[in-house]
Amino acid sequence: MTESPAAKVAPPGGAGNGERLDRQTIVLGLVIVSGTLMAILDTTIVNVALETLGRDFDTGLSTIQWVITGYMLAMGTVIPITGWAVDRFGGRRVWMTSIVLFVLGSILSGAAWNIESLIVFRVVQGLGGGMLMPTGMAILTLAAGPRRMGRIMSIVGVPMLLGPVLGPVIGGWLVQDVDWRWIFFVNLPVGALAFTLAWWKVPHGRGEHATPGIDLRGLLLLPPGFVLLIYGLSTASGNGGFGSPATIAWLAAAWSWSHCSRCTACGAAHAR
């Protein structure tokens with residue numbers, strides 16, 4: 001019996017055997033999930049506690065919303081510099097630093113004594129959470145390679161999709177039956193596990209010390225644009241929707257700022 005051309009070309013293990021994920025890469029993907037799941041849960045787990053926080057801290061909803069807004073602002077601000085940090089210091093260092101920063105922010109948020117301190121500590125938490133996702137994806141990209149990214153994402157994608165679903169459920173149970181502070185303290189055991197697994201399984205990255213210089217102009221101009229945009233979106237819930245003059249003004253200011261930032265950056269590029 002003669003072999004077909006396809007049989008001669010296919011590898012012994014079947015078609016695409018060379019693109020299969022090895023056990024080490026699969027374990028690394030699960031380690032990354034353990035860290036990123038914390039940040040994803042925290043984007044929704046606090047939502048159900050807003051009414052309780054407003055009552056305990058005796059403050060209005062417009063102020064309480066900054067517990068979420070501050071977290072999201074910090075996440076959005078730190079994401080653009082994460083790629084540079086990974087190239088400069090290595091994925092392992094940035095990943096473990098992100099976990100420590102996130103857990104530290106969680107401890108401080110759970111121990112907050114007034115609404116102002118809670119907002120500040122949530123910003124600290126958001127700085128760590130904002131670096132977790134892009135750093136984890138960078139580590140997995142290096143480990144799996146571009147041809148296997150689809151396979152590795154099939155492993156890490158499902159648990160990440162469960163985060164927004166489980167967040168309100170876990171948050172509601174903690175607020176009702178335990179204490180609202182545990183919506184932050186619950187990150188301690190998860191963070192400790194994620195840090196231990198990272199220390200054990202995440203490979204040592206070789207930070208490239210000759211990385212391109214960071215765009216300080218863009219880094220300074222980006223946060224105000226995020227503040228204007230997110231604050232404008234947050235005002236829509238209490239000022240009559242997106243058609244209210246205040247919301248339109250804030251969003252227009254965000255657009256104007258981003259437009260001016262692009263012009264400034266373009267001018268700087270031409271000057272060089």
Side-chain angles (χ1 to χ4, degrees), residues 21-22 24-43 70-109 120-146 148-149 152-153 155-157 159-160 163 184 186-223 225-226:
L21 295 175
D22 55 275
Q24 183 178 0
T25 305
I26 294 175
V27 172
L28 179 61
L30 297 177
V31 170
I32 298 301
V33 167
S34 68
T36 54
L37 195 58
M38 291 190 306
I40 295 174
L41 278 173
D42 232 64
T43 57
Y71 180 81
M72 299 300 293
L73 280 173
M75 288 186 69
T77 301
V78 78
I79 285 175
I81 68 171
T82 303
W84 171 85
V86 171
D87 290 339
R88 178 66 174 82
F89 303 106
R92 188 173 188 266
R93 290 181 182 177
V94 177
W95 176 255
M96 298 180 72
T97 301
S98 303
I99 294 176
V100 171
L101 195 59
F102 185 87
V103 172
L104 176 63
S106 299
I107 296 173
L108 294 174
S109 296
V120 171
F121 297 149
R122 281 283 285 174
V123 169
V124 175
Q125 192 183 25
L127 293 175
M131 291 190 291
L132 283 173
M133 180 68 75
T135 304
M137 291 298 101
I139 293 172
L140 291 179
T141 300
L142 293 175
R148 299 192 297 174
M149 274 306 295
I152 194 66
M153 286 306 299
I155 295 176
V156 304
M160 290 180 183
F184 303 112
V186 74
N187 292 322
L188 272 64
V190 180
L193 175 63
F195 187 88
T196 303
L197 292 175
W199 185 276
W200 180 33
K201 287 295 182 181
V202 175
H204 289 271
R206 298 178 181 178
E208 296 292 338
H209 296 281
T211 52
I214 190 171
D215 180 12
L216 291 178
R217 183 192 302 270
L219 185 61
L220 292 174
L221 292 175
L222 182 64
F226 270 117

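Position 1 is the first residue of the sequence, and the numbers go up from there. The basis for the numbers below is simple: all heavy atoms, side chains too, and nothing from hydrogens, waters or symmetry mates.
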Below 4.5 Å, heavy atoms only, C-beta onward: do Arg122 and Asp42 meet side chain to side chain? yes
Let me confirm one number: the CE-OG1 distance from Met131 to Thr82, rounded to the nearest 0.5 Å. 6.0 Å
Heavy-atom side-chain contact between Val31 and Trp200 under 4.5 Å: no
Nearest heavy-atom contact between Leu73 and Thr77 is O-OG1, 2.7 Å
Quick one, Thr196 and Trp199 - any side-chain contact, counting heavy atoms below 4.5 Å? no
Reported OG1-to-CZ distance for the pair Thr135 and Arg92, which is rounded to 0.5 angstrom: 14.0 Å
Smallest heavy-atom separation, Asn187 atom then Ser106 atom, equals ND2-OG, 3.1 Å
Rounded to the nearest 0.5 Å, how far does OG1 of Thr36 lie from CH2 of Trp95? 5.0 Å
Closest non-hydrogen atom pair, Val123 against Ala74: O-CB, 3.3 Å
Do Met133 and Ile79 have side chains that get closer than 4.5 Å, going by heavy atoms? no
Output for pair (Thr97 OG1, Leu127 CG), nearest 0.5 Å, gives 12.5 Å
Tightest non-hydrogen contact, residues Leu108 and Phe121, listed as O-CD1, 3.0 Å
For the pair Val190 and Leu37, evaluate side chain to side chain contact (heavy atoms under 4.5 Å, CB included) and give the outcome as yes or no after the intermediate values. CA-CA 9 Å; Val190 180; Leu37 195 58; over 6 Å; no
Any idea which heavy atoms bring Ala198 and Met96 closest together, and the distance? CB-CG, 4.1 Å
Counting C-beta onward and ignoring hydrogens, is there a side-chain heavy-atom pair between Ile107 and Phe184 closer than 4.5 Å? no
Between Gly191 and Val103, what is the shortest heavy-atom contact and its length? CA-CG2, 3.7 Å
